[in-house]
Amino acid sequence: MDWLTTVDHKKIGILYLIAGGFFFLVGGLEAILIRIQLMFPQKEVVTAQFYNELITMHGTTMIFLAAMPIIFALMNAIIPLQLGARDVAFPFLNALGFWTFFFGGLLLNVSFIAGSVPDAGWTMYAPLSGTQFTQHHGTDYYVIGLQIAGIGTLIGGINFLATIINMRAPGMTFMRMPMFTWASFITSALILFAFPALTVGLAALMFDRLFSGNFFNPQTGGNVVLWEHIFWIFGHPEVYILILPAFGIISEVISTFSRKRLFGYSSMVFATILIGFLGFMVWAHHMFTTGLGPVANALFSVATMLIAVPTGIKIFNWLFTMWGGSIRFTVANLYAIGFVPTFVMGGVTGVMLSAAPADYQYHDSYFVVAHFHYVIVGGLIMGIFAGLHYWWPKMFGRMLSEKLGKVTFWIFYIGFHLTFFVQHFLGLLGMQRRVWQYLDGMGFNNMNFISTIGALMMGVGTILFLINIVITLRKPKDCSNDPWEDGRTLEWTIASPAPEYNFAQTPLVRGYDAWWHEKMEGNTAMTPVEPIGPIHMPNASILPFVMGIGLFITGFGFMYSGEWGTLGFITVGHAVGIVGLLITFGCMGLRSLIDDHGFHIEEDEILKDQGVKS
Amino acid sequence: MSSHSHVEDHLPHEPERATLEGRNKITAFWLFLGGETVLFGTLFAAYLTLRNEVNGGITGNELFSFGLVALATALLLTSSLTSVFALQAMHAHNKKALVNWLIVTMLLGLAFLGLEIYEFVHYAHEGHTFTASAFSTSFYTLVGFHGAHVAFGLLWAASILFQLTRRGLNTTTAPKVYLFGMYWHFIDVVWVFIFTVVYLMGKVG
Ligand code: HEM
Ligand SMILES: [Cu+2]
């Protein structure tokens, strides 16, 4: 019950981690089924229809329901701590964001039970996603489920932005902000400007499907390339929404375990901003083959290649951070170091793809699949693993097993490269993406076999990671404030896990890497800017949870408005939908009409936490 | 003034910024409006792509009549002005004037919405239904999204009105009034673009 009503950002972080982790397993299972289908030529392990459903749900789940939420988990758990803040700007909205994401994701996956699963690819290209080619409800689940989940993402983004702008501890100027928080800041800005485009795209596709609109229906004047533009003007920034926080994590982990200040901090900040900006300029590199014309293709080619510059800056800064440092090969650092060459490879294939004429060859081949998995799995997922190992003690008060972690890392890392390295060559040899079967004798057999073995290894790695978590959960919570002993930022100055109010006294920040700065001056604690006193906290609330359920019911009802018969003058589906909306709006009304003043944590309780007798 | 409570006499000049919560809300709302700009920008882009795809049906030029739209525009622009008066009243800590100007703003918004509904019904009778063509679908979506924003704004204003009368003007209610003012101006600006891109360009270009 506590978990359903919590508005504590650290607990919400854990909720995001559990839900995102769950969807990661679902998406991983889908991936393994895909790879098993492709293990041998011309086999039918799964039907063609189910295969289409698998690739669609795999991509959608991994991006929207696994990767983003796990990033949000770390952002929630860590950002306020790195800022020296007691809370996020909007604790209630934060909870609401989680629950809308959760119920949106649930709705998407209910499609498996309902028997009409999205099957037009995670990009939902029109007209394939229109009623002409997809009569069943698959696409409806996609547009409505993602719309609801998207609300949560947008709320989260705005919340982090406001938190970072307004709630930094005294002395924490923007140019003293830890890199992870910086990256999250830019990511949140990208969310703010990218997600509304998706909102419109999903709404338009929904209007086409549920109310016979004509946005993307060529027969009535609609335009299918319009969908691609809208999708990718969201979709390209989205890939940077995913990768920037990973960059942030890598920066923290590498500098901590090299026991050195991050090399070129200000150029890192600059590069992050530049990548964020360029992210919006290059969406059409996903559409070179749609006939935009040579001028547009050339411009978008060049713009895309430009992204390699700030990315390169980052890579070199990480290398220079390690250079001459006393490096500790903890599991977190293994993932971070493993990340660097892997991501470089993904970047190189990206630059290859960005040459428009060459892209005519690579496009929709396995080369593209290899490229984006190198950046997303080799970049983002490795970043997430690094971050989880690094901050696990701060989130849970216990260390993950380093021994088991190292085994896991190697199995996962080798499995990853086995899976995706060969796919570059499969693509160059002409194997198309999204095919259900391939013929024997095309020269594809061995590499597909290897790829599947690699995927199974990654599956084993993931299971080992879960085992590590289970083992760790049974250890006592005995981590010190700064369990790595080389912590540099504010989160390592308070207990692990952090108390409800984070900082008993708001700290004074006197330099970049605030905690390291104090340690170097021989201090054992931060200088507080206020005496210990009662701390104001927001009340827990069940409303966000109920609002999530309301939206879930609404989506479900409207989706089946045509099928469940009528109830007087209104269809049953619509009636259900309206009931859901009333629940949600009713909660909104309650929230705005009932005064909620929160409560105070009293001084003696805080002193007790600090180990002082009052 | 009799409606002034004890607290209100001690309200700071800008009560909406007096608390961290209020300042957070204002920051977040500016950001939110940035997102809304993308939302409407995308809708405009879609409309501009599709506005000549009439599928053998009615064109904008045949459809739009200026009188109605001009009246609606005048109403909405005026309501923006009255919302400024409401804010000024708030800064003068004059709750009564604040409430009154809010009511005037809402009435103007309501009238605008009424005209829009009348316009839509009228167009539909002319055969310009939501499903008629890509032009009609994108038209109703763009203008309808704006209309839905107006409707939401009215509900929001009503809830603020209720809180003002029940709890008075304080550092909790003041930010809400301020945000509503920002929202209402934003809606107004979007309408100016709709007026230009949809109606003016539909008639002329
Ligand atoms: C130097 C950086 C990068 C460059 C130059 C680049 C370039 C490209 C290009 C040109 C394509 C289109 C290929 C085609 O469909 O024919 C592409 C696809 C893709 N990229 Fe990248 N990319 C870069 C980094 C990233 C990153 C960081 C991510 C994710 C975190 C990413 C994720 C993707 C995805 C998901 C696709 C395929 C989308 C689909 O068609 O389903 N890329 N990239
Ligand atoms: Cu891209």
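Sequence lines set the chain letters: A, B, ... in the order given, protein chains first and strands last, and positions in each chain run from 1.
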Query raised in the report: Do N223(A) and T49(B) have side-chain atoms, one donor and one acceptor, less than 3.5 Å apart?
Result: no
**Report entry** Contacting moiety of A203(A), where chain B heavy atoms sit under 4.5 Å
**Finding:** side chain
Query raised in the report: At a heavy-atom separation under 4.5 Å, does F145(B) approach chain A through its side chain, its backbone, both, or neither?
Result: side chain
**Report entry** K25(B) portion near chain A, given a 4.5 angstrom heavy-atom threshold
**Finding:** both
Query raised in the report: Given that the side chain runs from C-beta out, which part of I26(B) has a heavy atom under 4.5 Å from chain A: side chain, backbone, both or neither?
Result: neither
**Report entry** More than 12 heavy atoms of other groups within 6.0 Å of W30(B) CH2
**Finding:** no
Requested in this report: Examine whether an atom of T199(A) lies under 4.5 Å from a heavy atom of chain B, and if so say whether it belongs to the side chain, the backbone or both; otherwise answer neither.
Outcome: side chain
Query raised in the report: Rounded to the nearest 0.5 Å, how far apart are CD1 of I191(A) and CG of L31(B)?
Result: 12.5 Å
Query raised in the report: Using a cut-off of under 4.5 Å for heavy-atom pairs, which of E53(B), E36(B), K176(B), E21(B) has the most such pairs with chain A?
Result: E53(B)
Report summary line: To the nearest 0.5 Å, atom CG of L50(B) lies from atom CZ of F216(A) at 8.0 Å
Query raised in the report: Considering residues, nucleotides and ligands other than F66(B), do more than 12 of their heavy atoms fall under 6.0 Å from its CZ?
Result: yes
**Report entry** Neighbour count >12 (heavy atoms, 6.0 Å) for atom CZ, F193(B)
**Finding:** no
Query raised in the report: How far does CG of L192(A) sit from CZ of F32(B), to the nearest 0.5 angstrom?
Result: 9.5 Å
Report task. Give the intermediate values and the outcome of side-chain contact (heavy atoms from CB on, under 4.5 Å) for residues T141(B) and F215(A). Result -> CA-CA 10 Å; T141(B) 306; F215(A) 279 106; 3.3 Å; yes
Query raised in the report: Any chance CZ of F277(A) has more than 12 other-residue heavy atoms, nucleotides or ligands included, within less than 6.0 Å?
Result: no
Query raised in the report: Would you say F174(A) has more than 12 foreign heavy atoms packed within less than 6.0 Å of its CZ?
Result: yes
Query - Over all atoms of both residues, closest heavy-atom pair of P196(A) and L39(B) - result: CB-N, 3.7 Å
Report summary line: R166(B) and L593(A) have their tightest heavy-atom pair at NH2-O, 4.1 Å
Requested in this report: Can you tell which part of F29(B) gets under 4.5 Å to a heavy atom of chain A, answering side chain, backbone, both or neither?
Outcome: neither
Query raised in the report: Is any side-chain heavy atom of F135(B) closer than 4.5 Å to a side-chain heavy atom of N214(A)?
Result: no
Query raised in the report: Looking at L154(A), L161(A), D208(A), I233(A), which makes the most heavy-atom pairs under 4.5 Å with chain B?
Result: L161(A)
Query raised in the report: How long is the span from the OG1 atom in T27(B) to the CD1 atom in I158(A), to the nearest 0.5 Å?
Result: 11.5 Å
Query raised in the report: Roughly how far, to the nearest 0.5 Å, is the OG1 atom of T131(B) from the CG atom of N217(A)?
Result: 11.0 Å
Requested in this report: With rounding to the nearest 0.5 Å, note down the distance linking OG1 in T137(B) to CZ in F211(A).
Outcome: 12.0 Å
Report task. Could you tell me whether a side-chain N or O of N24(B) sits under 3.5 Å from a main-chain N or O of T163(A), the two making a donor and an acceptor? Result -> no
Query raised in the report: Quick one: what part of F162(B) sits under 4.5 Å from any heavy atom of chain A, side chain, backbone, both or neither?
Result: side chain
Query raised in the report: Can you name the closest pair of heavy atoms from F130(B) and G213(A) and give their distance?
Result: CE2-CA, 3.8 Å
